[in-house]
Amino acid sequence: MAVPSWLASKKPSRAGMLWAKLICEGRREGFKNELKKQDEIIDSLVTKVSTDTPILVIFQRNYLKANALTRQRKAATNPKATCVWSACQEEEWKQYMSSCRNCEALWIGSSCQQQTKS
C-alpha cells in the first residue's frame with residue numbers, strides 16, 4: 001500500500017498533508033470483508049508511520065451503494081423517464097442515505113513528547 005510507505009518516508013520535500021480515498025466496501029463478501037480491509041489499512045498505518053504523524057481516518061459506509069441508488073432515483077423520477085421509482089426503492093434509498101450520512105472518525109498518532117527545560 002502506497003499511503004503508509006509515503007507517510008513513513010523522511011524526505012524533506014514531503015508535503016505536510018495527504019488525503020486519500022480508500023474504498024473498503026466489500027462487493028460480494030459483505031461487511032466482514034469490509035472490516036477486515038479497514039483493519040489491514042489501520043494496522044499498516046500504525047506499524048509503518050511514526051507516532052509524531054497525526055492521521056485522521058474517516059469511514060463512510062455504503063457510499064457506493066447510496067451513490068448508485070441516487071443516480072437511479074434521479075433518472076427514474078425524471079418526467080421523461082419510462083421506468084418508475086417505487087415506494088420500496090424509495091425506502092431502500094432512504095436507508096442507504098441515512099447510513100451513508102453518518103461517518104466514523106478515528107485519530108491515530110500525535111505523540112505527546114514533553115520538552116524538558118535546561
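As a basis for the values below, the full set of heavy atoms in this structure was taken, side chains included, without hydrogen atoms, waters or symmetry mates.
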Pairwise distance CD1(I42) to OG1(T47) - rounded to 0.5 angstrom: 11.5 Å
Can you list the residues that meet the salt bridge (charged side-chain N to carboxylate O under 4.0 Å, His left out) rule with E91, with sequence neighbours excluded? none
Residues which pass salt bridge (charged side-chain N to carboxylate O under 4.0 Å, His left out) with E92, listed by chain and number, not counting sequence neighbours: none
By side-chain contact (heavy atoms from CB on, under 4.5 Å) - contacts of A68 (at least two apart): R71
Ignoring hydrogens and angles, tell me if any N or O in the side chain of S44 forms a donor-acceptor pair with the backbone of E40 under 3.5 Å. no
What residues, two or more places apart in sequence or in another chain, satisfy side-chain contact (heavy atoms from CB on, under 4.5 Å) together with N78? K80, A81
Kindly write out the residues that satisfy side-chain contact (heavy atoms from CB on, under 4.5 Å) with T82, not counting sequence neighbours, or none if the list is empty. none
Taking the side chain as every heavy atom from C-beta outward, state whether E90 and R73 have any atom pair closer than 4.5 Å. yes
I'd like to check the side-chain contact (heavy atoms from CB on, under 4.5 Å) partners of Q89; sequence neighbours left out, ordered by chain and number. W85, S86
When rounded to the nearest 0.5 Å, the distance separating OH of Y63 from CE of M97 is 9.5 Å
Rounded at 0.5 Å granularity, tell me how far CD in Q72 sits from SG in C83. 8.5 Å
Nearest 0.5 Å, what's the OH-CG distance between Y96 and L69? 7.0 Å
Backbone N or O of C103 within a donor-acceptor pair of the Q60 side chain at under 3.5 Å? no
